[in-house]
Every structure is written in structure tokens, then in C-alpha cells.
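Below, read A as the first sequence line, B as the second, and so on, with proteins coming before strands; counting in each chain starts at 1. Please read all numbers here as calculations on a predicted model, not as lab measurements.
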Amino acid sequence: MRYWLMKSEPEEVSIDDALAAPDSTVAWTGVRNYQARNFMRDAMHVGDGVLFYHSGCAVPGIVGLAEVASTAYPDPTQFDPASHYHDPKATPETPRWQMVDIRALRKTRVLPLAELRADPELAGLMILQRGSRLSITPVEAADWRHILRLLDRPATAADTRSKP
DNA sequence: GCCAACGTTGGC
DNA sequence: GCCAACGTTGGC
């Protein structure tokens with residue numbers, strides 16, 4: 001059992017989109033980075049935990065929980081000349097790009113990138129490393145547990161005080 | 001829109 | 001194999 005953080009632009013596929021899909025499952029299409037591909041192909045297993053992250057939006061951060069729902073298989077968009085993700089060097093006989101299915105489990109509160117960055121316990125989180133822009137990164141078990149605790153906690157002390 | 005950082009490409 | 005040029009990511 002491993003843990004992952006997977007970025008998606010909400011305008012492409014948001015946590016709401018994923019939850020609204022059949023079986024809350026979406027094909028994680030469009031990965032065009034070898035390192036990210038290799039994570040999916042070589043290290044992911046069905047049932048692995050996924051932190052669903054929104055990037056390229058007003059408040060980037062973790063917005064939900066998901067799980068890996070399939071092993072890796074060829075991303076069909078690489079063969080489609082009409083697709084934004086078309087890769088002219090890929091053929092069905094020699095595919096380059098793989099993807100997995102991701103099943104959304106639930107929304108969480110938004111846990112902003114800024115809050116992750118401010119937490120000394122998460123200093124080793126791959127997404128926080130300088131210049132890191134990988135869309136799929138492994139998450140250490142200790143970091144996973146820590147983040148789950150943060151997600152179940154109100155964002156600020158002020159929120160706690162304002163509770164009736 | 002800007003820009004830092006990184007990945008990929010292709011000439012040599 | 002080197003490296004300059006270019007493209008992309010993604011926060012701000």
C-alpha cells in the first residue's frame with residue numbers, strides 16, 4: 001500500500017467532476033512526463049491512497065481523497081491526432097504513455113499549498129521541494145497520516161473558536 | 001502576465 | 001555526449 005499526490009487542474013478534472021463520474025472513477029489521461037508515467041506503470045497498485053490536488057487555480061491545494069482503481073494501461077489520447085495529448089511518436093504497437101483509473105472517495109476541506117508549506121512536519125513532501133512540478137508524486141506514510149489529520153481539523157484556530 | 005525551474009529536442 | 005533553444009508547469 002502506497003500513497004500518492006496527484007495534481008489536476010480543476011478546469012480539466014476537478015474533485016467534483018470525479019465524484020460525479022460513473023463509480024466516481026476517471027481515467028487519469030494526459031500524463032506526458034516519463035517520471036510520472038513510471039510511477040503509474042511501475043509503482044502504483046490498486047487501492048493505493050491518493051491525495052487529490054487542484055493546481056492552476058486560485059487556491060492550489062489538496063481538496064479530496066481518492067484511490068488507485070486500476071493498474072496502468074495505454075492512454076488512448078496519445079494515438080488520437082485530434083487530441084491535445086496526441087503523441088506522433090506513439091503507436092498502438094509501441095505506446096509511450098500510460099494511465100491509471102482513479103476513484104474519488106470524498107471531498108475534504110481545501111488544504112492549501114501555503115498551509116502544507118508552513119508545516120515543518122511536511123518539509124520532506126516531494127511537492128514542496130524546490131522546483132518540483134511533477135504531477136504525480138509519492139507520499140511517505142508518515143506524511144499521509146499527518147495530512148489526514150490536518151484534513152480532519154479546522155483550518156485555523158479562529159474556526160475552532162467560532163464554533164457555537 | 002510574469003518568471004523560475006525543469007524537461008525535451010535536435011544540431012553538432 | 002554536450003548544450004543551447006524552446007516548451008511547459010504552476011505559483012504568485
Chemist: Testing the basics here: between A:Trp28 and A:Val31, what is the closest heavy-atom pair and its distance to 0.1 Å?
Modeler: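 Heavy-atom minimum between the residues: CD1-CG2, 3.8 Å.
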Chemist: I need the A:Asp42 CG to A:Arg37 CZ distance, nearest 0.5 Å.
Modeler: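 A:Asp42 CG to A:Arg37 CZ: 8.0 Å, rounded to 0.5 Å.
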Chemist: Show the numbers, then the answer: is there a salt bridge (Lys or Arg N to Asp or Glu O under 4.0 Å) between A:Arg2 and A:Asp48?
Modeler: CA-CA 5 Å; A:Arg2 298 190 192 214; A:Asp48 282 0; 5.5 Å; no
Chemist: Using the test side-chain hydrogen bond (donor to acceptor under 3.5 Å, both in side chains), find all partners of A:Asp119 that sit at least two apart in sequence or belong to another chain.
Modeler: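 A:Asp119 satisfies side-chain hydrogen bond (donor to acceptor under 3.5 Å, both in side chains) with A:His146 only.
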Chemist: Who are the side-chain hydrogen bond (donor to acceptor under 3.5 Å, both in side chains) partners of A:Glu67, not counting sequence neighbours?
Modeler: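 Expected list: A:Arg103.
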Chemist: Please give the remaining members of the hydrophobic cluster of A:Tyr85, linking ILVMFWY side chains under 4.5 Å, ordered by chain and number.
Modeler: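 Besides A:Tyr85, the cluster holds no residue at all.
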Chemist: Set out, line by line, the N/O atom pairs under 3.5 Å between protein and nucleotides 1-3 of chain B.
Modeler:
none

Chemist: Quick one: on DNA chain B, does A:Lys89 or A:Gln35 contact a more 5' nucleotide (nearest heavy atom)?
Modeler: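 Its nucleotide being nearer the 5' end, the pick is A:Gln35.
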Chemist: May I have the list of side-chain donor-acceptor pairs in residues 49-66 of chain A shorter than 3.5 Å, sequence neighbours left out?
Modeler:
| unit_1 | atom_1 | unit_2 | atom_2 | d |
| --- | --- | --- | --- | --- |
| A:His54 | NE2 | A:Ile15 | N | 3.1 |

Chemist: Compute the centroid of each ring, for A:Tyr34 and then for A:Trp97, and state whether the two points are separated by less than 6.0 Å.
Modeler: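 Yes.
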Chemist: Spell out protein contact along nucleotides 5-12 of chain C as letters: B when the base is contacted, S when just the sugar-phosphate is, - when no protein heavy atom is under 4.0 Å; keep the 5' to 3' order.
Modeler: --BBBSSS
